[in-house]
Amino acid sequence: MGSLSGLLDGFANALSPMNLLWALFGTTLGTFIGVLPGLGPALTIALLLPLTFQVDPAAAFIVFGGIYFGSQFGGSTTSILINTPGESASIVIALEGNQMARRGRGGPALATAAIGSFVAGTIGVLCLSLLAPVVVRVALAFAPADYFALMVLSFVTVAAVLGNSLLRGLASLGLGLLLGLVGVDLQSGQPRFTFGSLDLLDGIDVIIVVVGLFAVGETLHLAARHRSTREEITPVEGSLWMTAQDWARSWKAWIRGAFIGFPLGAMPAGGAEIPTFLSYFVEKKLSKHPEEFGRGAIEGVAGPEAANNAAGAGVFVPLLTLGIPTSATAAVMLSAFQSYGINPGPQLLTSHADLVWTLIASLYIGNVMLLVLNLPLVGLWVQILRVPTPYLYGGILLFATVGTYGISRSVFDLVLLYAVGLAGFFMRRYAFPTSPVIIGMILGPLAEQQFRRAMTMSQGDLSVFLTRPISLTLLVLAVIALSAPPLLAYRRHRRALASA
Amino acid sequence: MSALSLGRAQLVAVSAAIAALGGGAVLVALTIPPDAAGAVVGARSFPVAVGLVLLSCGLLLLLEAWRTPWECEATDPEAPPLDLVPLAILAAGMLVNVLLIKAAGFIVASTLMFAFTARAFGARRLWLSLLIGFVLAFATYYGFARMLDLRIGGGLIEDLF
């Protein structure tokens, strides 16, 4: 009952003319940025974080929510029209979508993606509003030791899920944890990893790391290879509308995709890659036209796109109820909460209920807006892809300067930005995932806080993590997640040896 | 074959760098005074643990790089070789930005960086890049930055208005 009236109040808030404008601004900007290859929601929200000093929290989160869903759809547009998916979750969509576009069916591909996003987004947000209060009830029983164990589990799963190697994911995460430690330790007042530099005493701003990794790193990465790769925009020909057969083949894929995406996104491991791949293989298996897969099967766009969007809504469950971000974007949103002095967690739904429900309601509204915005305006979004690359990346570096130097007016920060960018370049080149850096940087200090709190309560007795059932279970799961991949690889290796 | 061994050498170097970073972090963390009075866990434990995680990741990656180099751009025989010219131009643009942004102001410094970046991505007409960069920097300074209340500071052009 409480959550229904909360949601209705949220709608009343989100539907105010000013907030509708903010939602429109967010979804439009999000789509715009999402269409640009290689740029994602984490970067956009990071550049707009100073908005949190200007407007009230509800307005800021309405904008951020709009950016989040908008850029997901923009990213699919790009994957369909040029075969260079920006984020790994769009790889699957590019697989079939680009094939459809090449066969003159770009219109229906974009349409099934847009409508599928809407359907799955709506299902996802609905599940979010039902599930969030339930998770909160469970989470209220958590003691600091349990929280710490949950964060350890998230660290391990995030490192395993975001990227294709647990070890490289952990290395990225470790780098993020290290960056998060820089500065004065709030509990003891000790400076850590500051090397006597005044610029580092306040710690490293997460904006610098996000912008450095995602804007500067991406620019360097593309510059090093633009002369040897050609991107081709496949023009959208023919009708945008889906035929009756397209509808018949799409709608089940949307629903299945949504119910694959949401639960996986809502787990404290998160990530949209696994659900999109899973949905792709499910559709391939269930399709009556398996021979079309690889040559433009519409189910192969509809399912993964739906899974991607529902997973995107699912990510809000651990973020809003446990305060645990499982994607780079969620981590940046968490730091937006912190900049308002709000700590997401089980108390959020009681202490800032209006904010949470307004945010959730605005996610519903943003979904409707995107449906209206995207399809009719697809011609406009395609034009964005035609901005000449030299000016596009010139502009991106310019905005990167504004977004970082503009906060602190410190040349040191600018140098740091470029250094992080260089690190991001190497991470791409050597296949280290970048998102765990952001998650580690934001979640690390919170994990340390919970660890110290738990140890203070147990008077220094480490066994507190093993005697509490919740904490023990979570830690065992973390150990399994850590040890399963190498064990499986070892068994495969042994079997290969035995059969050879 | 030589591309593969070159790739392997790079992966070994990267893994060693991670291990060194972790080792360094442990050493630095050990200089943090252990305990503030009354605290059960001081400011030192977590940094040491993070350093150890990085150190062990680095060492395990070193092993992996040595035995079976993982797939990435550097080890992909089909990937184009690293194109250093545009990288150098980009780096020069960033350097110009860092050196000039205090002295000459954001608009001048970023216009120049914009032109360098555009050149790195193959733009041929310098005057056009400079013009577009200037218009964009100008509009950003008086639009985006004002909206977000960012203070990018004064400069040659900023002080004129």
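Residue numbering restarts at 1 for every chain, and letters A, B, ... go by the order of the sequence lines.
For the set Val85(B), Leu84(B), Val98(B), Ile89(B), the count of heavy-atom pairs under 4.5 angstrom toward chain A peaks at Val98(B). Counting heavy-atom pairs closer than 4.5 Å to chain B, the top-ranked of the candidates Ala224(A), Gly403(A), Ser458(A), Ser165(A) is Ala224(A). The residue among Leu177(A), Leu48(A), Leu398(A) with the most heavy atom pairs within less than 4.5 Å of chain B is Leu398(A). Most heavy-atom pairs under 4.5 Å with chain B: of the set Gly444(A), Gly394(A), Gly189(A), this distinction falls to Gly394(A). Chosen from Leu170(A), Asp185(A), Val402(A), the residue pairing most often with chain B at heavy-atom distances under 4.5 Å is Val402(A). Highest contact tally toward chain B, considering only Ile407(A), Leu397(A), Val411(A), is held by Leu397(A) [criterion: heavy-atom pairs under 4.5 Å].
Looking at every heavy atom in both residues, Leu178(A) comes nearest to Ala25(B) through CD1-CB, 3.8 Å. Contact between Thr219(A) and Leu90(B) at its shortest, heavy atoms only, is O-CD1, 4.0 Å. Residues Pro390(A) and Ala123(B) approach most closely at CB-CB, 3.7 Å, considering heavy atoms. Closest approach of Ala43(B) and Ser188(A) over heavy atoms only: CB-OG, 3.4 Å. Nearest heavy-atom pair across Glu73(B) and Arg225(A) is OE2-NH1, 2.9 Å. Closest of all the heavy-atom pairs between Pro47(B) and Leu181(A) is CA-CD1, 3.6 Å.
Put simply, CE on Met94(B) and OG1 on Thr401(A) are 8.5 Å apart, with the number rounded to the nearest 0.5 Å. Between atom CZ of residue Arg429(A) and atom CG of residue Asp76(B) there is a gap of 10.5 Å, rounded to the nearest 0.5 Å. In this structure, the separation between OG1 on Thr117(B) and CG on Leu220(A) is 9.5 Å, given to the nearest 0.5 Å. One distance of note links CZ of Arg409(A) with NZ of Lys102(B); it measures 7.0 Å at 0.5 Å rounding. Note that OG of Ser56(B) is 8.5 Å distant from CG of Leu167(A), once rounded to the nearest 0.5 Å.
Ring geometry for Phe46(B) against Phe148(A) counts as perpendicular: the plane angle is over 60°, on a 0 to 90° scale with 30° as the lower cut. In this pair, Phe121(B) and Tyr393(A) present their aromatic rings parallel. The plane angle is below 30°, not in the 30 to 60° band.
Asn97(B) and Tyr418(A) share a side-chain donor-acceptor pair at under 3.5 Å.
Only the side chain of Gln54(A) comes within less than 4.5 Å of a heavy atom in chain B; its backbone stays farther off. Only the side chain of Met113(B) comes within less than 4.5 Å of a heavy atom of chain A; its backbone N, CA, C and O stay farther away. Val216(A) touches chain B through its side chain: at least one heavy atom from C-beta onward sits under 4.5 Å away, while N, CA, C and O do not. Only the side chain of Phe399(A) has a heavy atom closer than 4.5 Å to any heavy atom of chain B. Contacts between Leu49(A) and chain B at a heavy-atom distance below 4.5 Å are absent for every atom of the residue. When heavy atoms are compared at a cutoff of 4.5 Å, Phe426(A) does not approach chain B at all.
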Show the numbers, then the answer: is there a side-chain contact (heavy atoms from CB on, under 4.5 Å) between Val14(B) and Phe432(A)? CA-CA 11 Å; Val14(B) 167; Phe432(A) 285 83; 3.8 Å; yes

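In this structure the side chain of Leu61(B) never reaches within 4.5 angstrom of the side chain of Tyr430(A), judged on heavy atoms.
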